[in-house]
Amino acid sequence: MRRGRDPSTAPPGRDPLALGESQELFLWRATGGGDPYWLPRGLTLLRVIEGGLRAWLEAAGYAEIRTPPMVGGAFRAGTCAAHRLVHALARRAEDGPLRLFELGVCHRGGPGEGLLGGAAFTTDEAHVFCPADHCVAEVARIVTASAATLAAFGFPVIGVRWGTARAGEECPLAAGARRAGYQPVFAVGPAGEGAPTGGSWLVFEVDDGAGGSWPCGGITLEGDAIGGAGERPILLCHRLFGSLEAAVGLLLARGDGWLAPWLAPQQVLLAGAGAEEAIVRSIAGRFAEAGLRVGADLGAEALGVKLARARALGIPVVASLGPREAFSKTVTLSWPDDRKETLYIEAALARLSAFCAVPAPPGRNRAPAA
């Protein structure tokens with residue numbers, strides 16, 4: 001496995017805070033207590049990530065719930081306790097696995113430290129309650145679905161690490177990862193640093209895009225469930241990024257600010273280049289009706305200026321419309337690799353829709369709406 005590094009210490013050119021500010025996703029000020037001030041573009045990105053996670057979790061058989069953000073008068077740091085309560089009321093473990101997820105607000109209880117460790121965050125935790133004899137199969141399902149989802153976000157899983165605080169016992173997490181086709185590497189021994197008290201954990205290592213790897217998401221297992229002893233159902237807690245905000249930081253750092261087209265807050269800029277304003281707005285409306293996130297630039301600047309501004313904001317495609325295009329009912333598309341292509345509007349719309357399509361969750365033939 002390639003040597004890992006912490007994405008929160010990315011080189012200046014890949015600093016997610018600087019990239020996010022330059023792309024007008026958020027403002028970063030000391031008054032925020034370690035959390036960003038999210039701007040409209042950034043909030044759109046959070047919602048797209050949330051929609052993708054929700055679609056993939058539902059496709060994997062999870063039911064979404066929402067629980068109180070405060071417990072005993074204090075903000076919660078996670079959702080495990082609340083989901084245990086829901087499970088106790090549901091009483092489903094004897095009938096088979098109960099799979100729950102929540103995209104809820106949590107708080108770390110102190111000042112934040114950037115997107116990867118903000119004081120307030122939107123968790124992406126999911127939980128599986130299952131009988132002991134279902135545990136390995138459930139872990140294999142989680143690993144397979146998580147790897148597919150991370151790959152759709154641009155993070156190929158290149159390895160798996162695991163550890164346990166209990167010696168001499170087979171860990172269902174390692175067995176499940178092997179069943180899913182991975183060779184998990186033992187990383188932490190009994191009472192080792194990073195191992196949950198009395199429990200076991202598994203972490204995905206993803207390609208960081210720069211010859212190394214990042215830890216990203218994983219699974220934890222209650223310690224008293226190792227080996228399947230007792231009648232208490234096993235609890236598997238897993239997450240992909242830890243939070244939606246951390247997902248933004250990782251995505252910005254890995255792509256140097258460039259996001260996959262399906263994730264981009266604005267996917268297309270329709271740049272007027274001398275065409276009548278009404279025509280530009282009409283075509284922008286058609287693109288929006290097709291589900292594209294599109295904006296129009298009707299300013300008097302040269303097309304090159306508009307293109308440069310779009311690139312700085314991370315907009316993947318610029319569709320320019322001048323008098324010639326307006327007359328012939330075409331647009332000229334400038335792609336991320338600087339190719340230019342003039343197409344009839346319907347053909348351009350079809351190409352853009354395919355280029356920006358949301359990847360389908362495993363087990364579905366059609367991509368969900370973002």
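Note that the structure is predicted; figures quoted are calculated from it, not measured. Residue numbers run from 1 in the order of the sequence given. Because only heavy atoms are used, hydrogens play no part in the values below, and waters and symmetry mates are left out as well, while side chains stay in.
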_side chain to side chain contact (heavy atoms under 4.5 Å, CB included) between Trp38 and Phe26, intermediate numbers included_ = CA-CA 4 Å; Trp38 290 97; Phe26 49 73; 3.6 Å; yes
*Starting from the C-alpha separation in whole Å, work towards a yes-or-no answer on side chain to side chain contact (heavy atoms under 4.5 Å, CB included) for Leu100 and Phe129.*
CA-CA 9 Å; Leu100 305 172; Phe129 299 85; 4.2 Å; yes
*asked:* Cys171 vs Trp162, test: side chain to side chain contact (heavy atoms under 4.5 Å, CB included). Steps then yes/no.
replied: CA-CA 9 Å; Cys171 177; Trp162 72 281; 3.4 Å; yes
_Evaluate Val206 against Arg254 for side chain to side chain contact (heavy atoms under 4.5 Å, CB included), listing each step before the verdict._
CA-CA 10 Å; Val206 300; Arg254 191 186 191 282; over 6 Å; no
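A donor-acceptor pair under 3.5 Å is absent between the side-chain atoms of Asp208 and the main chain of Trp214, judged by distance alone. No donor-acceptor pair under 3.5 Å is formed between the side chain of Arg178 and the backbone N or O of Ala140.
Two residues are said to be in side-chain contact when any heavy atoms from C-beta on lie closer than 4.5 Å; Trp258 and Arg311 meet this criterion. With contacts defined as side-chain heavy-atom distances shorter than 4.5 Å, the pair Glu205/Cys216 does not qualify.
Note on residues 260-273: no pairs pass salt bridge (charged side-chain N to carboxylate O under 4.0 Å, His left out), not counting sequence neighbours. Sorted by first and then second residue, the salt bridge (charged side-chain N to carboxylate O under 4.0 Å, His left out) pairs with a member in residues 237-249 read Glu125-Arg239; sequence neighbours excluded. Applying the ring-ring contact (aromatic ring centres under 6.0 Å, His included) test to residues at least two apart or on different chains, the pairs with a partner in residues 315-351 are Trp335-Phe355. Applying the salt bridge (charged side-chain N to carboxylate O under 4.0 Å, His left out) definition to pairs two or more places apart or across chains, those involving residues 315-337 are Asp337-Arg339.
In this structure Val139 satisfies the side-chain contact (heavy atoms from CB on, under 4.5 Å) test together with Cys135, Val143, Leu173, Ile219, Leu236, sequence neighbours excluded. Every residue two or more places apart in sequence or in another chain that forms a side-chain hydrogen bond (donor to acceptor under 3.5 Å, both in side chains) with Ser328 is listed here: Thr330. For Arg66, there are no side-chain hydrogen bond (donor to acceptor under 3.5 Å, both in side chains) partners two or more places apart in sequence or in a different chain. Residues passing the salt bridge (charged side-chain N to carboxylate O under 4.0 Å, His left out) test with Arg309, sequence neighbours excluded: Asp297, Glu301. The side-chain hydrogen bond (donor to acceptor under 3.5 Å, both in side chains) search around Arg41 returns none, not counting sequence neighbours. Residues forming a side-chain contact (heavy atoms from CB on, under 4.5 Å) with Ala246 (at least two apart in sequence, or on another chain): Leu116, Ser243. Applying the side-chain hydrogen bond (donor to acceptor under 3.5 Å, both in side chains) test to Glu277 and every residue at least two apart in sequence or in another chain returns Arg281.
Remark: Arg108 is positioned above the aromatic ring of Phe121, its terminal NZ or CZ atom under 6.0 angstrom from the ring centre and at most 45 degrees off the axis.
Ion pairing between a basic and an acidic side chain is recognised when a charged N comes within 4.0 Å of a carboxylate O; Glu138 and Arg141 show such pairing. Ion pair Arg99/Glu64 not flagged as a salt bridge, since none of the NZ, NE, NH1 or NH2 atoms sits closer than 4.0 Å to an Asp/Glu carboxylate oxygen.
The distance from the CG atom of Leu202 to the OG1 atom of Thr220 is 10.0 Å, given to the nearest 0.5 Å. Rounding to the nearest 0.5 angstrom, the gap separating the CG atom in Leu352 from the CG atom in Leu333 is 5.0 Å.
Side chain to side chain, Glu102 and Thr67 meet the donor-acceptor criterion of an N or O pair below 3.5 Å.
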Expected list for residues 265-273: side-chain donor-acceptor pairs under 3.5 angstrom, two or more places apart:
residue: Gln266; atom: NE2; partner: Val268; partner atom: O; Å: 3.1
residue: Gln267; atom: OE1; partner: Arg293; partner atom: N; Å: 3.0
residue: Gln267; atom: NE2; partner: Pro261; partner atom: O; Å: 3.1

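Listed here is the closest heavy atom pair of Phe101 and Leu57: CD1-CD1, 3.5 Å.
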